[in-house]
Amino acid sequence: MSDVTIYHNPACGTSRNTLALIRNSCEEPEVIEYLKTPPTREVLADLIRRMGIPVRDILRQKGTPYEELGLGGPSLTDDQLLDAMMAHPILINRPIVVTPLGVKLCRPSEAVLGILPNPQRGAYAKEDGEQVVDEQGRRLI
């Protein structure tokens with residue numbers, strides 16, 4: 001079993017780039033396609049707590065029912081926001097990566113580099129061609 005887990009959406013370029021960076025460190029993560037297998041409320045709340053961010057910061061707005069559900073209202077509680085994410089997992093921003101070094105929402109994808117237990121093993125460029133890691137495994141951005 002891997003020490004690295006990614007809550008992944010294969011339709012998301014940022015998520016695919018993050019997964020590729022994990023694999024470029026010679027780590028084969030546990031991949032959880034969170035739209036097919038959403039985390040439980042308890043697991044999601046724990047991930048958010050471990051990231052040290054407000055619940056609202058994990059909400060995805062683009063391409064979701066965020067506006068229709070009125071989730072921008074400042075009076076909504078964390079419990080109400082968690083309820084919305086449980087009812088509509090597409091509202092959970094991604095990718096979330098868990099490693100022995102921490103838990104992080106990896107937007108942009110290179111944010112994962114700060115929590116990977118192993119160094120990069122070679123060059124890596126994002127899907128759009130932006131070089132992230134050079135041939136020696138050094139971070140460029």
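Numbers for residues simply follow the sequence, beginning at 1. Because the structure is predicted, anything quoted here is derived from the model rather than measured.
- Here the closest heavy-atom approach between residue Q131 and residue A125 is recorded as OE1-CB, 3.7 Å.
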Begin from the C-alpha positions of E110 and R139 and carry the test salt bridge (charged side-chain N to carboxylate O under 4.0 Å, His left out) through to its verdict.
CA-CA 9 Å; E110 58 271 15; R139 183 178 180 162; 5.3 Å; no
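- Separating the OG atom in S109 from the NZ atom in K126 is a distance of 4.0 Å, to the nearest 0.5 Å.
- The pair R16-E127 counts as a salt bridge, with a side-chain nitrogen and a carboxylate oxygen less than 4.0 angstrom apart.
- The cluster map of Ile, Leu, Val, Met, Phe, Trp and Tyr, joined by side-chain heavy atoms under 4.5 Å apart, puts I115 and L47 in different clusters.
- V132 and L105 end up in different hydrophobic clusters when Ile, Leu, Val, Met, Phe, Trp and Tyr side chains are linked at under 4.5 Å.
- With hydrogens and angles left out, the side-chain atoms of Y124 and D134 include no donor and acceptor closer than 3.5 Å.
- Under the 4.5 Å side-chain criterion, counting only non-hydrogen atoms from C-beta, L59 is not in contact with N93.
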Go through the steps to decide whether M85 and R60 satisfy the test side chain to side chain contact (heavy atoms under 4.5 Å, CB included), and finish with yes or no.
CA-CA 9 Å; M85 286 185 271; R60 181 164 177 80; over 6 Å; no
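- When all heavy atoms are compared, the tightest approach of A111 to K104 is O-CD, 3.4 Å.
- One hydrophobic cluster holds both V133 and V4 under the rule that ILVMFWY side chains link at heavy-atom gaps under 4.5 Å.
- With respect to P95, the side chain to side chain contact (heavy atoms under 4.5 Å, CB included) criterion is satisfied by exactly one of T14, N17, V112, V31: T14.
- Of the possible polar contacts, one joining the Q120 side chain to the L21 backbone as a donor-acceptor pair under 3.5 Å is found.
- Looking only at side-chain heavy atoms (C-beta outward), D3 and T99 stay at 4.5 Å or farther from each other.
- N9 is not listed as a side-chain neighbour of E33, based on a closest heavy-atom distance of 4.5 Å or more.
- Across I92, V55, T77, a single residue satisfies side chain to side chain contact (heavy atoms under 4.5 Å, CB included) together with L82, and that is V55.
- Separating the OH atom in Y66 from the CG atom in L71 is a distance of 6.5 Å, to the nearest 0.5 Å.
- Looking at M86 and P38, their side chains never come closer than 4.5 Å, going by heavy atoms from C-beta outward.
- Residues I53 and V43 share a hydrophobic cluster, clusters being chains of Ile/Leu/Val/Met/Phe/Trp/Tyr side chains in contact below 4.5 Å.
- For the pair H88/L69, a side-chain contact is recorded, criterion being any heavy-atom separation below 4.5 Å from C-beta on.
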Decide yes or no on side chain to side chain contact (heavy atoms under 4.5 Å, CB included) for S2 and E28, but give the supporting numbers first.
CA-CA 7 Å; S2 178; E28 186 53 45; 5.8 Å; no
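- Salt-bridge formation is detected for the pair R41/D79: a Lys NZ or Arg NE/NH1/NH2 atom is positioned less than 4.0 Å from an Asp or Glu carboxylate oxygen.
- Using a 4.5 Å heavy-atom cutoff, the side chains of I96 and Y34 are not in contact.
- A heavy-atom distance below 4.5 Å is found between the side chains of P29 and L19.
- Rounded to the nearest 0.5 Å, atoms CD (E30) and NE2 (H8) are 13.0 Å apart.
- Between the side chain of E42 and the backbone N or O of L44, no donor-acceptor pair lies under 3.5 Å.
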If you apply the rule side chain to side chain contact (heavy atoms under 4.5 Å, CB included), what do you find for M51 with I58, and how did you get there?
CA-CA 10 Å; M51 284 187 275; I58 201 76; 3.7 Å; yes
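- Counting heavy atoms from C-beta outward, L116 and I22 have side chains that approach closer than 4.5 Å.
- The CG atom of L91 sits 11.5 Å away from the CG atom of D83 when rounded to the nearest 0.5 Å.
- Taking all atoms of both residues into account, the shortest heavy-atom contact from C26 to R121 is SG-CG, 3.1 Å.
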